[in-house]
There are 2 protein chains.
Amino acid sequence: MASMADVARRANVAVSTVSYALNGTRPVAKATAERIRKAMDELGYRPNALARGLASKRSRNVALIFPMLERGLGLTEMEFVSAAAETAGDLGYHLVLWSTPLGDTDLLTKLTRQGLVDGVVIMEVHLEDARIEMLRRNGVPFCMIGRTGDNRDDPFADIDFESTVRDAVAHLAGLGHRSVGFVNHSQRSFDTGYGPSVRAARAFEEAAAAAGLHGFSRFCDDSPAAGREIWRDITAAEPGVTGLIVMNERASAGVLAAILQQGGRVPEDYSVLSVASSARVSEMTYPPLTTYHPPAAELGRLGVQVLIDRLEGREVPLVQQLIPCRLVLRDSTGPAARPHGAGS
Amino acid sequence: MASMADVARRANVAVSTVSYALNGTRPVAKATAERIRKAMDELGYRPNALARGLASKRSRNVALIFPMLERGLGLTEMEFVSAAAETAGDLGYHLVLWSTPLGDTDLLTKLTRQGLVDGVVIMEVHLEDARIEMLRRNGVPFCMIGRTGDNRDDPFADIDFESTVRDAVAHLAGLGHRSVGFVNHSQRSFDTGYGPSVRAARAFEEAAAAAGLHGFSRFCDDSPAAGREIWRDITAAEPGVTGLIVMNERASAGVLAAILQQGGRVPEDYSVLSVASSARVSEMTYPPLTTYHPPAAELGRLGVQVLIDRLEGREVPLVQQLIPCRLVLRDSTGPAARPHGAGS
DNA sequence: CTTTCGACTCGAAGCGTTTCGACTAACCGC
DNA sequence: GCGGTTAGTCGAAACGCTTCGAGTCGAAAG
C-alpha cells in the first residue's frame, strides 16, 4: 500500500507538503499541488485512517450504541441504523456499531476509552440512564436519540410522543369516538423509565381528559399473543370502547386478529390507530393499519449530523429536536359506531 | 488519557514490557505482571486502538458492507446486522458499517484502501458481483453472505434456497396440493442475478416437476400492492391453484389480503407458504404465515466468525456453508381443497 | 565448572500521519 | 531600499503502540 512518503518522493516534495496539499492546512503552489495529485492517483494512494487518526487525535469514526434488547430490534431501528450509516459516510466518517447490553456501563466505558471513535450516537435512552451519566463524566461527545428526564444542555433528537399522541387522540375524537383505549408497551418498560412509554402514557391521559372522552390505558407485552389477550381484557372491562391507540407494533397485529376473531369489524366497529410503528409492518396487517409513522430516518440522520457538527467544533446552537410522527391513513380507522352497538 | 508510557513509569518497567504483559507476546515475571496490572487499573488504562492498529498492522476492525437497496432493508437484515455486531464484539473486534450503493465498486475500493479494517463481510452478493472481483484482486480478506456463481475458494455462508424450496414444495405436496405457484421477487432482481431469486426459481421448477405436480412461477415486486395484483393474475391464469409458495415478504401480505377479499379462505381454500421471511412479520399477517424462517442470526454470526478466523491466521478449512430455512407452522397452510371447488 | 538455554527485560526503531518552527523568496507600502 | 507580510516549502518531532535485537541472570546439562 502506497504511503505518503511514496507520494512525496514521486512528486519531489516533502511529506509535510503532501499533507498540506491533501488537507488544505497550508497553502500549496498550484503546480506543486497538481504534481502531488498526479502522483497520488498514479499510486492509487489513500491516506491511512489509523495513522491519520493517531497523529491528529481525531479518528473520524463515530459509534452507534445500539442495545441488545430482549424484545429485539424492529424495522424502525433498522431504518434508523441505515440512515445513520449513510449520513456518516456522506460526511466522511465511519460508523461503528457497538452492540451492548442495555445496562452495561462498564463495557461502554472500556469501548470509549479505546480512542477508536470521536463520539457516539446513543439510542434507546431511558429517563434515567447511567450510560449518559458516564458519557458526561468522561467527556465523551454524544448525541441522544431519545432523551433523559433531565437533559439540560445535551443534544438530542427524539420522537415527539406528546404531540403525536395528542394528534392521535384528536384524530379518533374527530371521528366521533368517545371511549378510547391506549395500548402501551410492557409494564416493565414503563417501570424502567423507557421514555416513549412514560411520556406517551402521560400524554394520553391528558389528551383524553382534555378532549372530554373516556380514556383508559393498558400495558401490553411486545407480542401478537399479548395483543390478543389485551383485547379480550379490554372488551371485558370496557364494553363501550370503539377506538384504540396502539403504541406497540408487535401487539397491534394481535389486537386486530382478536377483534376479527370475536366477529368485530375494523374499522366499522372498532378503529385501531397505530403509533410509531414502521410502514413496512403497518401495511402488512389485516386490515392495513392507519399509523403515525416514526421519523426513523430523520432521527438517524440528525443524530450523526449533530454529533459530527460538534466534533468539528462548529459553533452550532444546541440541537434538541422533537419530531412528531406523521399520519398515514390506511384502513383501520373510521367513524365511530354507535357506542354500544359494536361487537357482533 | 493514560498511555502505555504512564503505565510503564508507574510500574517501573519499560514500555515494551507492558506491551508483552498485555498481549502475552513474551513471558513476563509473575510479580512484574502483577505490578503492571495494578498500574493499569489504577490509571484506568485502555490501549489506544489506533496506535495499536498502526503499529501492528492489524486494526481489529471488520466492515460490514451493506447495500442501500431501493427496496429497503428488512427485519432479516436487521437480525443479521445485530448478530454480526454482537459476534464481532465478543471476539474483540469492532464492526464498522459501510453503506454503499450496490454497484459502487469505486467507493468500496476507496474504503478498503484506508486501512481502517482488516477484512469485510459482504451481503447481498449477486451471482456476478464486481465487488467480489475487486476484493479478490486487491487481496482484501472477506466472507460473503450469499455467494457468487463462480465461488471457488472464497468462504461464504448462505441460505440453502435449493433445499428450502424443495422442502416447501414437498410440504405442500404432502398436504395434497397438485397445482402450486411460486411467487418470486421482481423480474428485475432475477435479471440482475440476485442469487436467491435465481436459485429458488430453478429449484422450484425442478422440485415441482419431480413431485409430479403442476407448478408455475411469477415474478412480483416487493410490495403488498404487487402481491394483491399477482393473486388476481394467478387466479385468472391458473384456476386450479390451491397452494402458493411466496418468497417475497412484502408481497405475501398482499396475496393474503387479495385472497380474503375475493372471498377465499386461508388455509381452507388456499395454502400460502412463506419462504425466508422474518418471524416478526410472519406472525403479524392475517392469518399468521406458515414460514420457512431464514437463519439470519446464524449467518451474521458465521460471517464474522469465519472472517476473523482467517484474519487471525488460524489454519481453518474453507468454510462454505449452506443453511436451510427452518419451518415454523402457523395458520396459513393446510390440506388441499378439492381442486376446482376452491374460491367461493 | 563451563556451556547452553530459556525466562525476563530493556532500548530503539518503526507504523503513516499531522503539526510546529523555521527558512526563502517574493511583494507591499512608503 | 528597508522592515513586515505572506505564500510556499522543508525537516523533525510527536502520536501510542508493537516488534526486533540484544543483554542479564539463574538453572540445567555435560
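Remember, it's a predicted structure, so these values are computed and weren't measured experimentally. Throughout, a chain's letter reflects where its sequence line sits, starting with A, and its residues are numbered from 1.
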Exercise for the section: Would you kindly give the OH-to-C1' distance between B/Y45 and D/dG16, to the nearest whole Å? Expected result: 7 Å
Completion exercise
Between A/N23 and B/V28, whichever has its closest DNA chain C nucleotide further toward 5' is B/V28
Practice task
Name the nucleic acid region contacted by B/S56, choosing base, sugar-phosphate or nothing; use a 4.0 angstrom heavy-atom cut-off, strictly under.
Solution key: sugar-phosphate
Fill in the blank from the handout: Note: A/W98 and A/L108 closest approach over all heavy atoms is CE3-CD1, 4.4 Å
Problem - Distance test, side-chain N/O of A/Y20 to OP1/OP2 of C/dT17, below 4.0 Å - result: no
Completion exercise
Heavy-atom nearest pair, A/L299 first then A/D158, reads CD2-N, 3.7 Å
Practice task
Take atom CD1 of B/I36 and atom P of C/dC8, then tell me their distance rounded to the nearest Å.
Solution key: 12 Å
Exercise for the section: Specify the separation, in whole Å, of atom CD of A/E34 and atom P of D/dG8. Expected result: 15 Å
Handout entry: Sugar-phosphate, base or nothing in reach of B/S16, heavy atoms under 4.0 Å
Key = base
Practice task
State whether B/R26 places a side-chain N or O below 4.0 Å from either non-bridging phosphate oxygen (OP1 or OP2) of C/dC8.
Solution key: no
Fill in the blank from the handout: Checking D/dT18, C/dT19, C/dA7 against the side chain of B/P27 (C-beta onward), the nearest is C/dA7
Completion exercise
The residue among B/D154, B/D129, B/D153 that forms salt bridge (Lys or Arg N to Asp or Glu O under 4.0 Å) with B/R136 is B/D154
Fill in the blank from the handout: Closest to the side chain of B/A14, out of C/dC20, D/dG8, C/dC10, is C/dC10
Problem - d(CG, B/L43; P, D/dC17) in whole Å - result: 12 Å
Exercise for the section: Compare the minimum distances between each of C/dT9, C/dC15, C/dC10 and the side chain of B/K57, then state the nucleotide with the smallest one. Expected result: C/dC15
Problem - Atom-to-atom span, CE of A/M4 to P of C/dG16 - whole angstrom - result: 12 Å
Practice task
Using atom CG of A/N61 as one end and atom C1' of C/dT17 as the other, report the distance to the nearest whole Å.
Solution key: 15 Å
Handout entry: Minimum-distance nucleotide to B/A51 side chain [options: C/dG16, C/dT9, D/dC17]
Key = D/dC17
Exercise for the section: Report which part of the nucleic acid B/S19 touches: base, sugar-phosphate, or nothing (heavy-atom distance under 4.0 Å, all strands). Expected result: base
Problem - salt bridge (Lys or Arg N to Asp or Glu O under 4.0 Å) assessment of A/D41 paired with A/R37 - result: CA-CA 6 Å; A/D41 45 53; A/R37 202 199 49 66; 2.9 Å; yes
Practice task
Could you tell me whether A/R280 and A/E79 make a salt bridge, using a distance below 4.0 angstrom between a side-chain N and a carboxylate O?
Solution key: no
Exercise for the section: Grab the CG-C1' distance between B/L54 and C/dC15 for me, whole Å please. Expected result: 4 Å
Exercise for the section: Using heavy atoms to find the nearest nucleotide of DNA chain D for B/T25 and B/L50 separately, return the residue whose nucleotide is more 5′. Expected result: B/L50
Practice task
Can you tell me the distance, in whole Å, between the CG atom of B/L22 and the C1' atom of D/dT19?
Solution key: 14 Å
Practice task
Tell me what B/V13 touches on the nucleic acid: a base, only sugar-phosphate, or nothing, going by heavy atoms under 4.0 Å.
Solution key: sugar-phosphate
Problem - A/S3 side chain, from C-beta outward: closest of C/dG14, C/dC20, C/dG16 - result: C/dG16
Handout entry: Out of C/dT9, C/dT17, D/dC17, whichever nucleotide has its closest atom nearest the side chain of A/N48
Key = C/dT17
Problem - Nearest non-hydrogen partners of B/L75 and B/S278, listed with the distance - result: CB-OG, 3.6 Å
